Amino acid sequence: MRTPDHDGRTSVPTIGVLALQGDVREHVAMLEAAGAGATPVRRPAELEAVDGLVIPGGESTTMWKLAEIFEMLEPLRMRIKDGLPAYGSCAGMIMLADRIEDGVDGQQTIGGLDMVVRRNAFGRQVDSFEADLTFDGGPVHAVFIRAPWVESVGSEVEVLATAPPGDRIVAVRQGPLLATSFHPELTGDTRVHEYFVNMVREL
């Protein structure tokens, strides 16, 4: 849990990484480099003990099914609804979206972000690419792997980054929720994770 500094503010928040599938170790390492404590989360009790949550990349349909098997889907929805700061990358972006295009039949999400996300929008694995983007006013090198993009956003969603072709929306924030189409955990650049850690500290 949170470690207060001398002003009573959170200096080292504990951020969980949903450890059902995906780049769990990479996100843990990046969160620690960004100044947070990090721990894998697989069970509802572990979810209750964290100040924020990262939902990693992977495969969104597999992640949804595993969340149901591990009885995590409803606890995740409740904690997000209650204001838990969360960051989703790639498949995690899909999991945080209220609506999906090109999902499989019956595919469910955690929800919370008022947006429509198109699954596998940038193409298949062979279409993976890297690009230099502007994220929240600064440069970031982004890795896209079978990545989604955001088709549309609600009025309360802030667009933080776009990418070619056609200035597709690839990073958004709505209150305590952050999502990117790309995988910052694979680049060694902690900018996105630092942004999220600061979100957790401030909220």
Side-chain angles (χ1 to χ4, degrees), residues 15-24 26-27 40-44 46-48 50-125 142 144-163 168-185 192 196 199-200 203:
I15 299 178
V17 180
L18 187 62
L20 302 179
Q21 191 225 11
D23 300 333
V24 177
E26 292 85 350
H27 275 292
V41 169
R42 296 183 184 87
R43 298 174 179 84
E46 295 167 342
L47 179 63
E48 287 299 319
V50 297
D51 304 310
L53 182 71
V54 170
I55 304 170
E59 213 295 313
S60 61
T61 56
T62 301
M63 198 174 296
W64 150 52
K65 291 173 182 177
L66 287 172
E68 288 196 317
I69 290 169
F70 280 80
E71 298 183 341
M72 284 290 288
L73 196 56
E74 283 306 316
L76 285 163
R77 286 172 173 161
M78 291 305 299
R79 284 231 64 194
I80 296 298
K81 185 177 179 180
D82 288 343
L84 178 73
Y87 163 48
S89 66
C90 197
M93 169 183 267
I94 296 171
M95 291 295 287
L96 287 176
D98 283 345
R99 297 170 298 282
I100 310 173
E101 295 286 346
D102 292 338
V104 302
D105 288 345
Q107 183 171 354
Q108 297 183 43
T109 69
I110 298 165
L113 275 167
D114 183 12
M115 63 182 180
V116 179
V117 168
R118 184 169 296 278
R119 182 172 167 266
N120 295 341
F122 283 105
R124 298 174 297 168
Q125 192 88 9
F144 294 85
I145 304 171
R146 293 181 63 197
W149 67 47
V150 179
E151 289 277 346
S152 62
V153 298
S155 60
E156 296 183 3
V157 178
E158 178 185 4
V159 175
L160 298 177
T162 61
R168 297 294 185 177
I169 300 171
V170 295
V172 296
R173 177 180 178 181
Q174 182 180 356
L177 302 180
L178 173 70
T180 65
S181 300
F182 52 90
H183 291 265
E185 75 280 5
V192 175
F196 181 60
M199 279 176 54
V200 176
L203 292 166

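Both backbone and side-chain heavy atoms feed into the values below; hydrogens, waters and symmetry mates do not. It should be emphasised that the depicted structure is a prediction, and the values quoted were computed from it without experimental measurement.
Residues D51 and I15 form no side-chain contact, since every pair of their non-hydrogen atoms from C-beta on lies 4.5 Å or further apart. Side-chain contact between R173 and V159 is absent, with no heavy-atom pair separated by less than 4.5 Å. When side chains are defined from C-beta on, P40 does not count as touching V17, because their heavy atoms never get closer than 4.5 Å. Looking at L84 and M78, their side chains never come closer than 4.5 Å, going by heavy atoms from C-beta outward.
Summarising the geometry, atom CD belonging to E46 is positioned 11.0 Å from atom CG belonging to L53; distances are rounded to the nearest 0.5 Å. Distance check: L96 CG to I55 CD1 gives 4.0 Å after rounding to the nearest 0.5 Å. In this structure, CH2 on W64 lies 9.0 Å from CD1 on I100, to the nearest 0.5 angstrom. Taking OG of S155 as the reference point, atom CG of D114 lies at 7.0 Å (rounded to 0.5 Å). With values rounded to the nearest 0.5 angstrom, E71 atom CD is found 12.5 Å from L76 atom CG. Here the straight-line distance linking atom CD of E158 with atom CG of L178 works out to 10.0 Å at 0.5 Å rounding.
With Q174 contributing its side chain and L177 its backbone, the two residues share no donor-acceptor pair below 3.5 Å. Of the possible polar contacts, one joining the T109 side chain to the A97 backbone as a donor-acceptor pair under 3.5 Å is found.
Tested against S89 for a side-chain hydrogen bond (donor to acceptor under 3.5 Å, both in side chains), the candidates H183, E26, H27 yield a single pass: H27. A side-chain hydrogen bond (donor to acceptor under 3.5 Å, both in side chains) with S60 holds for exactly one of Q108, Q107, Q21, R146; it is Q107.
Looking at every heavy atom in both residues, F182 comes nearest to V170 through CE2-O, 3.8 Å. Between A91 and G58, the shortest heavy-atom distance links the atoms CB-N, 3.6 Å. The two residues V172 and V157 have their closest heavy-atom pair at CB-CG1, 3.7 Å. Between F144 and A163, the shortest heavy-atom distance links the atoms CZ-CB, 4.0 Å. When all heavy atoms of A19 and R42 are compared, the pair lying nearest together is O-NE, 3.4 Å. Considering every non-hydrogen atom in both R119 and P148, the closest pair reads CA-CB, 4.4 Å.
Salt-bridge annotation for E68 and K65: absent, with no side-chain N of the basic residue lying under 4.0 Å from a carboxylate O of the acidic one. Note on D102 versus R118: salt bridge recorded, some NZ/NE/NH1/NH2 to OD/OE distance being below 4.0 Å.
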Where do V117 and W149 land on the side chain to side chain contact (heavy atoms under 4.5 Å, CB included) test, with the steps shown first? CA-CA 6 Å; V117 168; W149 67 47; over 6 Å; no
Go through it in stages, so that I can follow the logic: the residues are E101 and V116, the test is side chain to side chain contact (heavy atoms under 4.5 Å, CB included), and I'd like the CA-CA distance, side-chain angles, deciding distance and then a yes or no. CA-CA 7 Å; E101 295 286 346; V116 179; 3.5 Å; yes
Go through the steps to decide whether V41 and M72 satisfy the test side chain to side chain contact (heavy atoms under 4.5 Å, CB included), and finish with yes or no. CA-CA 10 Å; V41 169; M72 284 290 288; 3.9 Å; yes
Give the C-alpha distance, both sets of side-chain angles, the deciding distance and a yes or no for side chain to side chain contact (heavy atoms under 4.5 Å, CB included) between V200 and L203. CA-CA 5 Å; V200 176; L203 292 166; over 6 Å; no
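Between Y87 and F196, the ring planes lie tilted relative to each other; the angle falls in the 30° to 60° range.
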